[in-house]
Amino acid sequence: MRYELIIFDNDGVLVDSEPISNALLAAYLTELGHPTSYEESLRDYMGAAMHRVHDLVEERTGERLPADFDDVFHAQVFAAFERELEPVQGAVQVLEKLAADGVPYCVASSGSHERIRVGHRKTGLDRWFDEGRVFSSQDVGRGKPAPDLFLYAAERMGVVPEKCVVVEDSPLGVRAAVAAGMDVYGFTAMTPAGRLAGATRLFSDMDELADLLV
């Protein structure tokens, strides 16, 4: 194994949450008077922390989102997760292999700790991630594309950045990993390969990942 730590993004890489959350986000923004399509939500917010939604809306319209925006949105998302969320196909097999081989891994997500845990409980991935393996943008000052979250995860796991690889499916996440000085494998199941420019490697099926990491 060429890496000493595998850092997984969560949404879209471990849990198949991006279609659910972006459909809800687009609908809620539209309801609030900020017309947003599903495709635009993926383009602008996929892989981002919630502060990016607030920042872009205010930048584009001069208006601030309601104070309870995050709470209302997360309530919608968590309810939908309980009904619909599944692990990304092949993710469990990758985690099983890493655990069997004794390869250190963790998750570093733009989502809140609560969002990560809700999704992991629903999909059964919580068995693979104790508290010491879970890192959120809540833990640092700036979310992706800043490198802070990945650098924080590496530091907490005791591995230097150049010995880490990040598994990401968003342009913001790829930019963050590159800025952190880490290799990054871009998952193109939902994101066109051209939008993940800068990734060390690209792959389209989670079944490919274990072999790529060797």
Side-chain angles (χ1 to χ4, degrees), residues 1-21 46-47 77-78 80-82 84-139 144 149-170 172-174 176-177 180 182-191 196 199-214:
M1 179 69 67
R2 75 185 80 170
Y3 301 107
E4 295 179 7
L5 177 65
I6 317 301
I7 303 176
F8 290 96
D9 176 43
N10 189 56
D11 294 293
V13 170
L14 295 175
V15 296
D16 194 16
S17 53
E18 294 290 10
I20 298 171
S21 59
M46 182 174 169
V77 169
F78 295 164
F81 279 4
E82 292 295 342
E84 307 171 42
L85 190 64
E86 299 289 342
V88 168
Q89 185 173 353
V92 169
Q93 289 74 19
V94 171
L95 294 171
E96 286 176 340
K97 179 168 177 50
L98 293 178
D101 293 345
V103 178
Y105 64 88
C106 65
V107 60
S109 172
S110 292
S112 66
H113 278 282
E114 184 181 14
R115 176 179 171 131
I116 297 167
R117 284 303 180 199
V118 168
H120 284 191
R121 283 196 300 269
K122 172 60 171 63
T123 58
L125 294 185
D126 53 342
R127 64 176 294 198
W128 305 107
F129 291 96
D130 56 41
E131 288 297 329
R133 296 180 191 266
V134 177
F135 306 101
S136 161
S137 62
Q138 287 181 311
D139 301 326
K144 306 168 190 178
L149 176 57
F150 291 142
L151 292 172
Y152 176 76
E155 180 182 10
R156 290 291 302 272
M157 296 293 290
V159 180
V160 295
E162 55 267 28
K163 292 293 186 179
C164 299
V165 63
V166 176
V167 184
E168 263 288 354
D169 70 331
S170 76
L172 294 175
V174 168
M182 301 176 181
D183 281 358
V184 54
Y185 288 1
F187 185 37
T188 62
M190 277 194 62
T191 308
L196 299 180
T200 310
R201 302 281 294 273
L202 297 173
F203 68 104
S204 61
D205 190 315
M206 197 58 68
D207 293 336
E208 305 170 40
L209 182 57
D211 291 337
L212 290 176
L213 294 173
V214 176

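Closest non-hydrogen pair, T188 versus L202, comes out as CG2-CD2, 4.1 Å. Between G47 and L172, the shortest heavy-atom contact is C-CD1, 4.3 Å. Considering every non-hydrogen atom in both E18 and D169, the closest pair reads CG-OD2, 4.2 Å. The two atoms that bring M157 and Y105 nearest to each other are CE-O, 3.6 Å, heavy atoms only. Summarising the geometry of L149 relative to S109, their closest heavy-atom pair is CD2-O, 3.4 Å, with the distance given to 0.1 Å. Of all heavy-atom pairs spanning F129 and R117, the tightest one is O-NH1, 2.9 Å.
Listed for the D205 side chain is a donor-acceptor partner under 3.5 Å among the backbone atoms of D207. Of the possible polar contacts, none joining the D211 side chain to the E208 backbone as a donor-acceptor pair under 3.5 Å is found. Judged purely by atom type and a 3.5 angstrom limit, E86 has no side-chain atom pairing as donor or acceptor with the backbone of T123. A donor-acceptor pair is defined here as one N or O able to donate and one able to accept, closer than 3.5 Å; no such pair exists between the side chain of S204 and the backbone of A189.
Taken from CZ in R121 to CG in D126, the straight-line distance is 7.5 Å, to the nearest 0.5 Å. Here the NZ-CE distance, from K144 to M46, works out to 10.0 Å after rounding to the nearest 0.5 Å. Atom CD of residue E168 and atom CG of residue D11 lie 10.0 Å apart, to the nearest 0.5 angstrom. Rounding to the nearest 0.5 Å gives a distance of 10.0 Å between CG of L196 and CZ of F203. Between the CG atom in L125 and the CG atom in L85 there is a gap of 8.5 Å [rounded to 0.5 Å]. If you take NE2 on H120 and CG on N10, they are separated by 3.5 Å, rounding to the nearest 0.5 Å.
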Take E82 and V118 through the test side-chain contact (heavy atoms from CB on, under 4.5 Å) and record every step on the way to the result. CA-CA 8 Å; E82 292 295 342; V118 168; 4.0 Å; yes
I would like to know whether D183 and R2 meet salt bridge (Lys or Arg N to Asp or Glu O under 4.0 Å); could you show each step before the answer? CA-CA 11 Å; D183 281 358; R2 75 185 80 170; 5.6 Å; no
CA sep, side-chain torsions, deciding dist, call: F8, L98, side-chain contact (heavy atoms from CB on, under 4.5 Å): CA-CA 12 Å; F8 290 96; L98 293 178; 3.7 Å; yes
Given side-chain contact (heavy atoms from CB on, under 4.5 Å), test M182 with V165 step by step and report yes or no. CA-CA 6 Å; M182 301 176 181; V165 63; over 6 Å; no
Would you please test M206 and F187 for side-chain contact (heavy atoms from CB on, under 4.5 Å) and show each step? CA-CA 8 Å; M206 197 58 68; F187 185 37; 3.7 Å; yes
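Contact check for D139 versus H113: side-chain heavy atoms found under the 4.5 Å cut-off. Put simply, the side chain of I6 reaches to within 4.5 Å of the side chain of V167, judged on heavy atoms. Taking the side chain as every heavy atom from C-beta outward, P161 and E155 never approach each other to under 4.5 Å. Residues V107 and L14 are in side-chain contact: their nearest non-hydrogen atoms beyond the backbone lie under 4.5 Å apart.
Counting heavy-atom neighbours within 6.0 Å of Q89 CD, excluding the residue itself, gives a total of 12 or less.
F135 has its ring centre no less than 6.0 Å from the ring centre of F150.
For R115 and S21, the side-chain atoms include at least one donor-acceptor pair closer than 3.5 Å.
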